[in-house]
S.K.: 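Here it is, the structure in full.
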Amino acid sequence: MSAPVHADLVVHGGTVVNAGGSVPATVVVAGGRVVAVQDPSLPLPPHERAIDATGSLVLPGGVDPHCHVGQRLGDYAQLDDYGSASIAALWGGTTTVIDFAIPDPGQRPIDAVHERRKLAEISRCDTALHGCVIEWDDSTAAQIAEMANTGVRTIKLFTTYKDVVMAGPDTVLEVLRTLHAQGGIAYVHAEANHVIEDAQALAVAAGEAAAGHMPRTRPELAEASAVSQVLATAEHVDAPVYFVHQTTAEAVDLVRDARRRGVRAYTETCPHYLYLDERTYSSEHPERFVCCPPLRAPETVAKLRARALVGDIDTLGSDHCCYSTHQKTEHSHDVRVMPNGLPGVETRLPVTFTQLVVRGGMPVERFVGMFATNPARLNGLTGKGVVAAGHDADLVVLDPALRRGARSGDLHMATDYTPYEGEELAGWPSVVVSGGRVVLDADGFHDPGPVGRALEADPMPDHLIT
Ligand SMILES: [Zn+2]
């Protein structure tokens with residue numbers, strides 16, 4: 001029998017949901033960590049504060065593997081910073097935000113990492129970073145080693161956006177190989193650039209390059225084509241690989257099949273590819289829905305959702321990008337010029353919980369895997385994504401029966417719209433605990449100040465997800 005702890009917080013009466021199973025339990029928190037998940041029949045240890053979670057689920061805090069925070073890309077700067085983005089994340093039950101250090105033109109990848117780390121000092125929640133390599137040169141291997149030493153072991157590669165951030169196939173190969181030796185994993189945006197450029201040129205020639213024509217400028221098959229090529233490279237160099245924002249069943253199936261033959265390949269999708277479809281481009285504000293890849297045909301969305309429901313998709317990343325309607329409208333006559341991306345760090349949980357668990361019947365344990373556990377594991381974030389003794393006390397309490405309409409005026413992202421305006425969603429958190437601090441409860445939001453830590457990724461084990 002161990003000595004009784006004095007708890008900072010106990011969360012009792014709820015059902016604790018982990019990817020591996022659910023159990024009615026009391027979560028005991030001290031010093032920012034979970035110190036026990038105990039049988040609900042046991043007496044509560046002495047504590048400072050108790051939260052009654054009767055009738056609710058207690059999930060690990062969300063780990064959002066794909067966020068863009070206050071990034072400037074070309075002419076457009078995203079409107080948030082780590083302060084507002086982390087506050088919005090916490091409101092939405094995400095307690096770890098992973099951002100991208102995309103180098104400015106001429107900037108070394110390692111310097112982009114240092115710069116982003118500095119910007120993250122005002123974050124309210126814990127953060128981590130992906131590096132980004134655009135062109136391989138004599139210094140890149142050493143920079144990747146230096147990134148790994150500072151705890152950045154994931155690197156973004158784009159197979160499109162030529163002359164901006166695109167990495168050629170030789171660079172992709174070298175990064176995959178070098179990163180693997182550092183216990184890391186490449187994050188690939190896979191769309192075949194030549195197909196995209198041609199589709200855009202044809203759209204321009206036809207006078208159909210405006211936001212409302214978004215789908216024809218980025219065909220679905222561009223995705224599977226690039227995934228196939230990168231998978232072959234990963235298999236050749238025996239390195240793991242992670243595909244961001246997959247939108248088609250064909251691309252997901254390629255990754256699944258590669259995994260079945262032993263390639264450590266993983267699929268991420270985003271809330272909007274599961275919930276919205278291309279009919280939004282015929283709405284009053286098509287520009288608000290412009291993202292890359294674009295929202296797909298309803299049949300494609302149905303097939304993607306079916307893949308998620310059977311467990312073929314590993315993670316849910318928001319691909320959060322905060323632009324205003326004004327920014328999106330300014331050049332909406334040409335999708336090549338206007339800013340891409342949707343705000344979503346705050347709505348990732350309710351949108352996907354509604355679409356997958358409530359409507360799709362996904363077991364909530366599988367959902368937790370995609371929302372928190374797998375992203376933590378695939379990013380080497382030991383201590384995240386699980387409600388268990390020894391892990392960080394990042395918790396989300398939600399009443400699965402509760403429904404609320406999404407309204408941009410109720411949200412906290414630094415923009416004036418949500419793509420889900422008016423949608424009746426379940427899965428809104430009622431309590432959020434981040435690092436042992438109650439940041440959201442019935443009284444509202446309690447800003448913890450700039451307490452977020454810059455997490456360092458551990459080298460990843462060989463078998464990340466079985
Ligand atoms: Zn992105």
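Since the model is a prediction, treat every value here as computed from it, not as a measurement. Atoms within a ligand are numbered from 1 in the order they appear, just like the ligands themselves.
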S.K.: Out of the N/O/S atoms in D319, what is the name of the one closest to the Zn ion (ligand 1)?
M.R.: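 This residue's closest N, O or S atom turns out to be OD1.
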S.K.: Do L398 and L59 have side chains that get closer than 4.5 Å, going by heavy atoms?
M.R.: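 Heavy-atom side-chain distance check passes, below 4.5 Å.
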S.K.: Looking only at side-chain N and O atoms, does H331 offer a donor or acceptor that is under 3.5 Å from a partner on Y76?
M.R.: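 Checked: Y76/H331 side chains pair up, N/O donor to acceptor below 3.5 Å.
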S.K.: Looking at H68, pick out the N, O or S atom nearest to the Zn ion (ligand 1) and give its name.
M.R.: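 So the atom name we want here is NE2.
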S.K.: Do R296 and P215 come within less than 4.5 Å of each other through their side chains, counting heavy atoms only?
M.R.: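 Not in contact.
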S.K.: Looking at F445 versus H412, is the centre-to-centre ring distance below 6.0 Å?
M.R.: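 When the ring centroids of F445 and H412 are compared, they turn out to be at least 6.0 Å apart.
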S.K.: For the Zn ion (ligand 1), which N, O or S atom of H66 is at the shortest distance?
M.R.: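 Answer by atom name: NE2.
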